[in-house]
Amino acid sequence: MKMKSFSRRKFIASASVGTAGALLSYKVPVYGISNKVPVSELALTGGKPVRTDDWLKWPVWDAEAEAPILSVLRSGNWYRARGTKVDEFEIAYAELIGARRALATASGTTALETALHVLGVDAGDEVIVSPYTFIATYNAVFNQKALPVFADTDQETFTINPHKIEEKITERTTAILPVHILGLPADMNRINAIAKKNGLVVIEDACQAWLAEYEGKKCGTLGDLGCFSFQNSKHIPSGEGGAVVGNDDELMDLCHSYHNCGRAYGKNKSEFRGYPFRGGNKRMMEYQAVILMSQMERAKRDADKRLENALYLNSKLKDIPGIIPYKLADGATRSAYHLYPFRYKKEHFDDLPREKFLKALSAEGIPCSGGYGPQYNDGLMEEALNSKGYKRLFSKQRLDTYREELKNLPDNEQLCREAVWFFQNMLLAERQDMDDIVSSIQKVYENRKQLL
Ligand SMILES: *Cc1c(COP(=O)(O)O)cnc(C)c1O
């Protein structure tokens, strides 16, 4: 283990007896029940932090990305119809994800909008979606003038609870939009079975799940269409960008048309002239494509590294009282770890509020977040429901029951109160950096009384 500071050595040395005991059996938390001087002063209250080293800054890029960017610039062919780079990226990305086809888009949001449109999600429809997600998932449904209907979250897996889906189906429901949130695959076998039984389509929001796997198959290839994001914070970033992937040529041709102002594409080209479809400009630029192309190999290496470090964290954190690592859904075989999540049970920390825990951990040099809140309470739902369009599209009775249903997502609310996330860049560090994370949580646990 890397020794970084006097206080860190001191912490490890003086904590060793107590910590070893506590690690073997947390039934008697050594410092939790004694009035002895704490092993080490928490950084939040003026002690030395466990860690002062920086974490990897994101995004990272390889030198080999620079020449192709300049070459695109000098060619003057900056948009896809005048170049070949976006086409090349689509082929490479489809191969990376194990899909027959990929369509590059301007963003993950536009990828979702494209998939929803092409699969027939129309004004006045309902789409069943997980409430525990980035806001773009809700927005994409609203942008189709459809209603995002939330099925409650499974707290253990952080993903949509498949047992809560069927009760949400109405005659307006056309699609299920599971989100592989944080990189954790949703329970796709159950979701696909429900969709099939009820004649619904399935669109995967895989915008945080590059190279995540379900029964050994990549996320994004498990439903009718899958959507990805390459926004700056994502694992394969190009500032902005996205993709739709799928195995059905007819659907993928329509996706291409929709993202390119409705122009006919593929098989439709022989049949139609001009603009046979509705559409918009949701195209990726050539620059974005070359930046993405330079990352295809590193993406796989990084995914392996994150997996290795996350499994190590799981093995250590599960022994700390009140820290419950995520669980993979049935059938899920690999997370992408866009975030490393666990649940913080404050009752094991003498009711130390999560916000204090997060502050204490950050002060030790471990960046962390409480993650998503119940965003449906932020105002956007009412803003939509009170709009002219939604009042036209849905009966007052439906909008009223919908409002009531928003108040009945108890598992999601609890998860929003208890989740703790670490960021993906931290998982690209080394084993001893993971030990810093573990030591810091242990330190906060052992010294929690200082914060009460
Ligand atoms: C990032 C993200 C999106 C949207 O992607 P953008 O590229 O930012 O439009 C959608 N869903 C989830 C879960 C995301 O994390």
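Counting starts at 1 for both ligands and their atoms, following the listed order. Computation of the quantities below employed the complete heavy-atom set of this structure, encompassing side-chain atoms and omitting hydrogens, waters and symmetry-equivalent molecules.
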Select the closest option to atom 3 (C) of ligand 1 among Ala209, Cys207, Gly108, Cys227, judged by heavy-atom distance. Cys207
Thr137 heavy atoms within 4.0 Å reach ligand 1 at atoms 11 (N)
Check: Phe230 ring centre within less than 6.0 Å of Phe89 ring centre: yes
Tell me whether the centres of the aromatic rings in Trp421 and Tyr326 are closer together than 6.0 Å. no
Could you tell me, atom by atom, which parts of ligand 1 come under 4.0 Å of a heavy atom of Ser229? 1 (C), 5 (O), 6 (P), 7 (O)
Heavy-atom distance to atom 1 (C) of ligand 1: which of Gln231, His180, Lys234 wins? Lys234
Looking only at N/O atoms, are Thr109 and ligand 1 under 3.5 Å apart anywhere? yes
Which of the ligand 1 atoms, numbered from 1, are nearer than 4.0 Å to a heavy atom of Thr133: 13 (C)
Within 45° cone of Tyr265 ring axis and under 6.0 Å: Arg263 NZ or CZ: no
Check whether any N or O atom of Asp205, backbone or side chain, sits under 3.5 Å from an N or O atom of ligand 1, and answer yes or no. yes
Is Glu64 paired with Arg298 through a side-chain N to carboxylate O contact shorter than 4.0 Å? no
Pair Tyr376-Asn412, side chain to side chain donor-acceptor pair (under 3.5 Å): steps then yes or no: CA-CA 11 Å; Tyr376 38 84; Asn412 189 63; 2.9 Å; yes
Please report which non-hydrogen protein atom sits nearest to atom 4 (C) of ligand 1, along with the residue it belongs to and the distance in Å to one decimal place. Ala136 CB, 3.5 Å
Please evaluate residues Glu430 and Lys305 with respect to the criterion salt bridge (charged side-chain N to carboxylate O under 4.0 Å, His left out), reporting the C-alpha separation (whole Å), side-chain torsions for both, the decisive distance (0.1 Å), and the verdict. CA-CA 9 Å; Glu430 300 308 320; Lys305 185 84 184 178; 3.0 Å; yes
Shortest non-hydrogen contact from Ala429 to Asn309? O-ND2, 2.7 Å
With heavy-atom distances below 4.0 Å as the criterion, list the atoms of ligand 1 near Ser107. 7 (O), 9 (O)
